[in-house]
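Below is one structure; the comments refer to it alone.
Chain A is the first sequence line, chain B the second, and so forth, proteins listed ahead of strands; every chain is numbered from 1. Everything numeric here is computed off the predicted structure, so don't read it as measured data.
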There are 2 protein chains.
Amino acid sequence: MSNQIPTPSLKRIPMYYRELKRAMENGTNFVNSTQLGEALGIPSTQVRKDLSYISEQGRPGVGYNTATLTNTLEKYLGLHLPKKAVLAGVGNLANALIHFPGFHLYGIDICLLFDNDPEKIGKTLADKEIHHIDEIGLLLKKVKVSIGIITTPAVSAQSVAQKMIAGGITSIWNFSPITLLCPGNIFVLNQDLSMEMAILSHSVINMTNLD
Amino acid sequence: MSNQIPTPSLKRIPMYYRELKRAMENGTNFVNSTQLGEALGIPSTQVRKDLSYISEQGRPGVGYNTATLTNTLEKYLGLHLPKKAVLAGVGNLANALIHFPGFHLYGIDICLLFDNDPEKIGKTLADKEIHHIDEIGLLLKKVKVSIGIITTPAVSAQSVAQKMIAGGITSIWNFSPITLLCPGNIFVLNQDLSMEMAILSHSVINMTNLD
DNA sequence: TAGATTGTTAATCGATTAACAATC
DNA sequence: TAGATTGTTAATCGATTAACAATC
């Protein structure tokens, strides 16, 4: 029963959530599928369809109660639950991520940092000590961590992933430019920014090519 | 004729390119669709289908010439052409992006930085001066820039986008947590990391829920 | 009640994939 | 020639959307 929501729909749920939070801030008590859709560039039918996978809380003639729906989506996405993460590869990207307010807002706590550069071991970033990657197994025995963030160069990524998985991590956010080979029960979210950059490049070419 | 490649296929092209570059480094002269597919977790039929939108360079019984195909994809994505970009919102994320090697490798040059914080104006990041956002129109008259990168907070993003568009920018990489309202001829690539974070959170919940 | 909007069915649209003739 | 792999057709699968009865 748990997973018959289509992947494209699932990926839109966070957008609805983001928009609902904004509606909350504006003091809007009810939103309808047309309003949500227009704010996000999505047809209202699709909004209703997507939400129907999760809730049944819309009121015909009225719309969705902002607070109730926000809460439902928050629960569905698990944002209300505290989740621990570790990060490996302490470079500029790691620095940006660790200061990113989103983690805290979405219930994710980056509690451990790792690197393999002797220069960095023992130093801190955002008040968190940087450990040697070889210590990850030992340290993960002490805390239950579900999320691993990989911001290492390509060459280290696969071995880091394996160490994380050995330590009990089940979800990986992979910023490195490599396809990780992982067991099927591990959730891998790939985020190689170069891939997006290439699409951006393509868009520039095609802009000038036509219309 | 130019755009009948399906969006999902287009999004996979950069992955093929990345993998081909790796094959080049390994000195592999030919790759076949099965190899490419296995490296990326994609069925070989889909690899051939995707590539067929762009090239017709595979040789039955042999596969694809690594160098030739790399070159074809590079051209298709426009990576070989120099492209100029500006960035608005000089925070931690901007710092990570500007030091990201990908831009250079993919032919993108971030040539101008903008912010609205008086503290930052006149200072430099990676040897580039930070200008006030209000100067963007003036400065864009001097250089032809096609890409705008928005790493500002949500509240400034829409107005920044408008200024970029007024300055002749046609492709926007939007890291801010807001849906930009832009004319239809502007290409917008949204990259709110919170959206991915929410999916990651959801994966953690569903991991523990079942199997 | 009249008007508005939901949730869902069925039709449409589009992407994936199996299968195989063509060809190196 | 025999074996391997392409490019493409047609079948399948899955997502989007139009339409509308149900309902607030």
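- No side-chain N or O of Thr28(A) forms a donor-acceptor pair with one of Asn26(A) less than 3.5 Å apart.
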Next item on the list: Decide side-chain hydrogen bond (donor to acceptor under 3.5 Å, both in side chains) for Trp173(A) and Gln191(A); before the verdict, give the C-alpha distance in whole Å, the side-chain angles of both, and the deciding distance to 0.1 Å.
Entry: CA-CA 7 Å; Trp173(A) 201 3; Gln191(A) 193 92 62; 2.8 Å; yes

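- For the pair Asp192(A)/Arg18(B), a side-chain contact is recorded, criterion being any heavy-atom separation below 4.5 Å from C-beta on.
- Put simply, CG on Leu193(A) and CZ on Phe175(A) are 6.5 Å apart, with the number rounded to the nearest 0.5 Å.
- Between Glu38(B) atom CD and dT5(D) atom P there is a gap of 11 Å when expressed in whole angstrom units.
- Distance Tyr53(B) OH to dA15(C) P: 7 Å, rounded to the nearest Å.
- Side chains of Gln57(A) and Tyr64(A): no donor on one and acceptor on the other come within 3.5 Å.
- At whole-Å resolution of the value, CD1 in Ile42(B) and C1' in dA15(C) are 14 Å apart.
- The aromatic rings of Tyr17(B) and Tyr106(B) stand perpendicular to each other, their planes meeting at an angle above 60°, with 30° marking the opposite boundary.
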Note to self: Show me the dot-bracket string of DNA chain C, counting Watson-Crick or G-U pairs under 3.5 Å, with | for pairs to another strand and [ ] for crossing ones.
What the structure shows: ..||||||||||||||||||||||

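- Gln46(A) places its CD atom 17 Å from the P atom of dA19(D), with the value rounded to the nearest Å.
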Checklist line | Intermediate values then yes/no, salt bridge (Lys or Arg N to Asp or Glu O under 4.0 Å), Lys83(A) and Asp109(A) | finding: CA-CA 6 Å; Lys83(A) 297 162 290 287; Asp109(A) 172 36; over 6 Å; no

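- Ser146(B) and Ser171(B) form no side-chain donor-acceptor contact under 3.5 Å, judged by distance and modelled atom types alone.
- To the nearest angstrom, C1' of dA15(C) lies 10 Å from CG of Asp50(B).
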Note to self: Treating primed atoms plus P, OP1 and OP2 as sugar-phosphate and everything else as base, which nucleotides of nucleotides 6-14 of chain D get B, S or - for protein heavy atoms under 4.0 Å?
What the structure shows: BBBB-----

